[in-house]
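Everything below concerns the one structure shown next.
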Amino acid sequence: MQEPLITVIVPIYNVEEYLERCIESIINQTYKNIEIILVDDGSKDNSAKLCDEYAKKDKRIKVIHKENGGVSSARNLALDLAKGDFITFADSDDYLDLSLYQKMMQKQLETNADLVFSRFKKVINNKVFNEKEIALEEFCKTSNLSYLLKTPPIKKEQKENSIEVYNYVMCSIWRILFKKSAINHIRFNSKISFMEDAIFLMQVIINSKPIISFVDEYLYYYLIRQNSSVRTQSNLINNSKEFVLELENLLKDTGYEEYIKVHKFYFYLNCISHNYTHNLSLTLKEIQTWNNKENYKAYCKVNANFKTKLKSYLAYHKMFITLKMLLKLNKSSK
């Protein structure tokens, strides 16, 4: 009996420095029955050429070249063409443990899960840190979206032995194996240029009410690039606004409406903090209405950290001079 086919979707844009490592970690998986869709999203470096070279060497690889339209449009195009019984994603600057898909499929067969998570490692300046989500097991049992919606996550503990412990579940889809039937016709919202993973994942969970399980091993390597460009002030506000509006629409009549308030205040605070730490002249008229008592109280309720509460208090009461001094002090101490 042939093993189920897994489609691996990799959106690619100007990542020639990391791309070979990523592709090698996919084609050398111990699980062999995979379809690999590389979507070149209008790269201007040698990424497109590298994709074509790998396609010549491995018949499992399909390459799509398209005009630049963002990661969501690249993923959506691949989803429309995917032939796999299961779908998974990889970011083109990340890499995988060679046993990842084998262990995910083993867990899927054991549990008949619609979604299978893996734990992941964060890679910063060639140093590797385990990201231990202590809520992952409970989330898999309950499918409770509150574990995805507590933004920002509360860091419970940070150890010196390369393990960081959180009480939330990260929404990134690159360490999830999806049954194709669980995704069905759901696609990524191309209007949202960050946290699009969160909206997609929550849509899948709300619509399909899936069985969820996880592999209790750190099998995905998530690269944090330190040279990422600072988001422009207009993008920061627009991204915040578009995400919250989409979240508001998604969570209507689901019982999770309280978290819309949390996110509204979080992004209001985030915009102000970004302004002061990057010396931008940020206009907040678009989201000033999010700074209200209901949103402030909801945000503080799920964020017990003293520094977070202090910043929230200063932002809510518009004590911006003191907040600016605090943020600059935090930045200089890092």
Side-chain angles (χ1 to χ4, degrees), residues 9 11 13 39 41-42 66-80 89 91 145-153 168-174 176 183-207 225 228-278 280-292 294-296 298-299 302-303 312 315-316:
I9 295 172
Y13 181 71
V39 186
D41 191 33
K66 63 184 285 293
E67 291 184 6
N68 181 252
V71 65
S72 291
S73 68
R75 286 170 172 166
N76 287 341
L77 182 57
L79 279 171
D80 291 340
F89 302 85
D91 281 358
L145 293 185
S146 64
Y147 292 112
L148 304 177
L149 289 165
K150 289 185 179 179
T151 302
Y168 82 118
V169 176
M170 190 170 176
C171 295
S172 295
I173 56 162
W174 31 247
I176 306 173
I183 294 175
N184 199 2
H185 298 298
I186 295 170
R187 294 297 183 265
F188 293 88
N189 187 336
S190 58
K191 292 181 181 179
I192 303 173
S193 57
F194 80 124
M195 294 188 77
E196 69 283 344
D197 290 22
I199 295 294
F200 179 84
L201 178 57
M202 284 186 276
Q203 276 186 295
V204 170
I205 292 171
I206 290 170
N207 289 351
R225 286 196 268 171
S228 297
S229 60
V230 175
R231 285 173 289 181
T232 65
Q233 59 179 32
S234 60
N235 281 343
L236 184 64
I237 292 175
N238 287 334
N239 288 340
S240 302
K241 184 178 68 172
E242 291 294 342
F243 172 77
V244 172
L245 291 176
E246 186 69 14
L247 188 68
E248 199 164 20
N249 181 56
L250 179 64
L251 297 183
K252 186 179 180 181
D253 301 323
T254 63
Y256 293 99
E257 289 85 355
E258 187 73 7
Y259 291 98
I260 299 168
K261 300 174 186 177
V262 175
H263 280 73
K264 283 183 174 180
F265 191 84
Y266 167 66
F267 283 116
Y268 174 78
L269 176 61
N270 189 39
C271 285
I272 293 172
S273 300
H274 191 84
N275 181 29
Y276 292 146
T277 52
H278 296 292
L280 299 177
S281 176
L282 195 61
T283 303
L284 295 168
K285 288 181 181 178
E286 293 264 13
I287 58 172
Q288 277 180 353
T289 56
W290 296 357
N291 182 29
N292 61 48
E294 280 191 6
N295 295 348
Y296 168 64
Y299 179 78
V302 299
N303 290 281
S312 307
Y316 172 62

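When reading the values below, keep in mind they use all heavy atoms of this one structure, side chains included, and skip hydrogens, waters and symmetry mates.
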Looking only at heavy atoms, what is the nearest atom pair of [X] and [Y], with distance?
| X | Y | value |
| --- | --- | --- |
| Ser240 | Phe267 | OG-CD2, 3.4 Å |
| Leu269 | Ser312 | CD2-OG, 3.9 Å |
| Ala198 | Phe243 | CB-CE1, 4.4 Å |

Point to revise | Ile186, Leu201, Leu250 screened by side chain to side chain contact (heavy atoms under 4.5 Å, CB included) with Ile206, the one that passes | key: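 The single option meeting the side chain to side chain contact (heavy atoms under 4.5 Å, CB included) with Ile206 is Leu250.
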Point to revise | ring pair (Phe, Tyr, Trp, His ring centres under 6.0 Å) partners for Tyr256, two or more places apart | key: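 Tyr256 satisfies ring pair (Phe, Tyr, Trp, His ring centres under 6.0 Å) with no other residue.
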**Study point:** Sequence-distant partners of Lys191, salt bridge (charged side-chain N to carboxylate O under 4.0 Å, His left out), two or more places apart
**Key:**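 Lys191: no salt bridge (charged side-chain N to carboxylate O under 4.0 Å, His left out) contacts found.
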Check your understanding: salt bridge (charged side-chain N to carboxylate O under 4.0 Å, His left out) with Glu257: which residues, sequence neighbours excluded?
Key ->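 Counting only residues at least two positions away or on another chain, Glu257 forms no salt bridge (charged side-chain N to carboxylate O under 4.0 Å, His left out).
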Review point. For the side chain of His263 and the backbone of Tyr259, is there at least one donor-acceptor N/O pair under 3.5 Å apart?
Key: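 Present.
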In a table with atom names and distances, give each donor-acceptor pair under 3.5 Å that connects a side chain of residues 70-77 to protein atoms at least two apart or in another chain.
| unit_1 | atom_1 | unit_2 | atom_2 | d |
| --- | --- | --- | --- | --- |
| Ser73 | OG | Lys66 | NZ | 3.0 |
| Ser73 | OG | Gly69 | O | 3.2 |
| Ser73 | OG | Gly70 | O | 2.9 |
| Arg75 | NH1 | Asp197 | OD1 | 2.8 |
| Arg75 | NH2 | Asp91 | OD1 | 3.3 |
| Asn76 | OD1 | Phe188 | N | 2.8 |
| Asn76 | ND2 | Ser72 | O | 3.3 |
| Asn76 | ND2 | Phe188 | O | 2.9 |

Check your understanding: Aromatic rings Tyr266 and Tyr299: how do their planes relate, parallel, tilted or perpendicular, breaks at 30° and 60°?
Key ->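 Geometry flag for Tyr299 against Tyr266: parallel rings.
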Point to revise | Residues which pass side-chain contact (heavy atoms from CB on, under 4.5 Å) with Asn68, listed by chain and number, not counting sequence neighbours | key: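 side-chain contact (heavy atoms from CB on, under 4.5 Å) list for Asn68, sorted by chain: Tyr13, Asp41.
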Point to revise | Set of residues satisfying side-chain contact (heavy atoms from CB on, under 4.5 Å) with respect to Asn292, sequence neighbours excluded | key: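 Here the qualifying residues are Glu294, Asn295.
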Review point. Taking only residues at least two apart or on different chains, which pairs with a member in residues 244-253 satisfy salt bridge (Lys or Arg N to Asp or Glu O under 4.0 Å)?
Key: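 Sorted pair list: Glu248-Lys264.
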